[in-house]
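What follows is one structure encoded as C-alpha cells, with my remarks underneath.
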Amino acid sequence: MSGMLAIYYREILILRKKLFRQLASMSVSPLLYLVAFGLGMGRDVRVGGHAYLEFLIPGLVAMSSMVQAFAIASEINIARFYWHIFEEFQAAPIRNIAYVTGEVLAGVTRALISTAIILIIGLFSGVTLAYNFHFWLAVLLNSFLFASLAVGLAMLVKSHSDQALLSNFFITPMAFLGGTFFPVDKMPDWARTLLHFLPLTHASSAIRAAAFDEPVDPFSYLLLAGLGVALFVLAFQCVNRARE
Amino acid sequence: MIRIENLTKKYNRTEALKGVSLDVPAGELFAYLGPNGSGKTTTIKILTGLAVPTSGEAWLHGYHVGRQSIEAKRQCGVVPQNINLDQELSVYENLDLHGKLFQMSKRERAGKIAELLEYTDATDRQDSPVKHLSGGLRRRIMIARALMHSPKILFLDEPTAGLDPAIRRRIWSLVKKIQQGGATIFLTTHYIEEAEFLADRVAFLDEGKIVALDTPQTLMERLGAWALDRIENGAMQTRYFRDRDEANRHIGGHDESFSVRRVNLEDVFISFTGKKVQP
C-alpha cells in the first residue's frame, strides 16, 4: 500500500509542478472540437433528439479521459528512458503490483481532471447533463482500462518514439471512431460491427446514456470492467519483463 | 554480507558475466574494477534487482536477491552510474520520495533528510530543483538519497564518473565517512587511483570474469614495488622491480630514457589482462 502511494505521490507531484501547462494542454483539444464541431458545424444539428452540443460533450468526456489516462505512458517513458527513475523504483522494496497500481491511479487522476475541464467548458457553453453515479462509473472504468493499457505498453516499448507510434495507431483512430463525434448506430452494418470491438465505443455509449439520464447497457460496464482487469494483469506481467 | 555464487548473465548472444563468485564481508569497501563493458554494472544490476541472472545466485545480508527480493532490497542503497534523480523535483522532494518508497514515516523522513543534507553539505540547496544543480552536487544528493533508509550495503556504480578531480576527492571523503559509519560498500570504477585510495580489497573483472582479487597492496606486491617505463618501437614497455636500487641498476646498463615510478593497480590489471582499465 505505501509503495503504491509513493508511486502515486511522485506522479501527482510532477503533475502539480506542471499544473498550468497540463491544464492548458488538457483543455486545448476539447475546446477546439467543441468550437469546430459543436458551435460551428453542429449548432443546428440534432442527434437522437438532443442538440449536437449535448451529444458531443459526453463523447468528448470519453475521448479525453481515454487520451489523458493513456498519457501516463508518456510520463512513465520519460521517467524510464530519459531520467532513469524507473531504476529507482525497481531498486526499492515495493512489489510490481504496487508500482502498476500507483501508475494506473495517476492515469485515472489525469483522466478525471480532464473530465472536469470538459464539464466546466460544457457548463460555459450552456450544456447541463446528468452527472450521476452511472456517468462517473463509466468514466472511471474507461480511465482504468486505458491507464492499465498505458502502463503495460510503456513497459513493452523500447523507446519513446515507439510509444508515439502506438498512440498514432491505437488511440487516435479510436478517438475519432469510438462514437465520440457521431452515433455509431448510423454507420453501415459492417462498420458498426467493427466499431463495437472498440472499448471507447462502449465508453462513449455508457457515458452518453448516463449523461442523458437514460438506462445504460450493463454489457458496456461489464466489457469495460473485464477488459480493464485483463489489461491491469497484463501491465503487471509487463513490469517483470521490463527488467533486463 | 554480499555473497555471489557462479553468477552468469547473457544478453542474446553476448555473455556479460561468466561465472562470477565472491564474498564481501561486513564493513568492507570492495572495489570492482574493469574496463567499460567488462560486466561491472551488470553485476550491480543483478544484485539490486534491476536485472535477472541467467544462472547463479546472490545474497545480500543473508537475503536471496531473487527469492527474497523485497528484503534484499531493503538492505541496500544504490547510486547508479546515470544520474537518476527526478529533475523536476527539488532536492528535498527527491529524498522524501525515496523515504516513502522505503516505507519510512513522515517524522523519520524529515529527520533523516536534515541529517543527510548536512552530511553531504547541501542543506542550503534543499529547495533547489535538481535540474539547477551542478554535476558534483547531484552526485552527492544521489549518495544522500541512497543513504536515506540507512542501508547496510551501499552500491556505488562509477560515482565519480565525469567529475573534476577536486569534486572527486570530496566524494571520496564522503565514501570513507560512510564506511566508517559501518556500511559495506561495493564500488565500481574505472578510475584506478580511486580504488587504490578507497578500497580494502579489489577485484579485477575482464570480459565477465574475475581475473584477480585481493588487497591492493598484495596485488601490487606480486609485481614488485617499482615500475620502469620506456618507449620501445613506439610502444610503452614496463618492467617491475622489488626496490628502487634494482630499477636504477637496470637503467645503468642502458642508453634509452626511462621513467621510474611506484607500481600501481593499473600495472596489476595490465599484467593480468594486457589491457588498460580506462576506456
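A note on names: the letters A, B, ... follow the listed sequences, proteins ahead of strands, and every chain is numbered from 1.
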Please indicate whether [X] has more than 12 foreign heavy atoms, meaning atoms of other residues, nucleotides or ligands, lying under 6.0 Å from its [atom1].
{"X": "A/Phe170", "atom1": "CZ", "value": "no"}
{"X": "A/Lys18", "atom1": "NZ", "value": "yes"}
{"X": "B/Lys209", "atom1": "NZ", "value": "no"}
{"X": "B/Glu5", "atom1": "CD", "value": "yes"}

Which pair of heavy atoms, one from [X] and one from [Y], lies closest together, and at what distance?
{"X": "B/Gly49", "Y": "A/Gln90", "value": "O-OE1, 4.3 Å"}
{"X": "B/Ile83", "Y": "A/His84", "value": "O-CD2, 4.4 Å"}
{"X": "B/Phe102", "Y": "A/Ala91", "value": "CZ-O, 3.9 Å"}
{"X": "A/Arg10", "Y": "B/Leu97", "value": "CG-CD2, 3.3 Å"}
{"X": "A/Lys17", "Y": "B/Glu93", "value": "NZ-OE1, 2.8 Å"}

Is there a side-chain contact between A/Ile94 and B/Gln103, using heavy atoms and a 4.5 Å cut-off? yes
B/Leu89 side chain reached by A/Leu13 side chain, heavy atoms, under 4.5 Å: yes
Option in B/Val78, B/Asp86, B/Thr48 with maximal non-hydrogen atom pairs under 4.5 Å from chain A: B/Asp86
Counting heavy-atom pairs under 4.5 angstrom with chain A, the leader among B/Glu71, B/His149, B/Gln87 is B/Gln87
Considering only heavy atoms, give the residues of residues 56-64 of chain B separated from chain A by less than 4.5 Å, sorted numerically, with 'none' for an empty result. none
How would you list, in number order, the residues of residues 12-23 of chain B that have a heavy atom less than 4.5 Å from chain A? none
Side chain, backbone, both or neither: which part of [X] has an atom under 4.5 Å from a heavy atom of chain A?
{"X": "B/Leu85", "answer": "backbone"}
{"X": "B/Asn82", "answer": "side chain"}
{"X": "B/His98", "answer": "both"}

Between the NZ atom in B/Lys131 and the CH2 atom in A/Trp83, the distance rounded to the nearest 0.5 Å is 7.0 Å
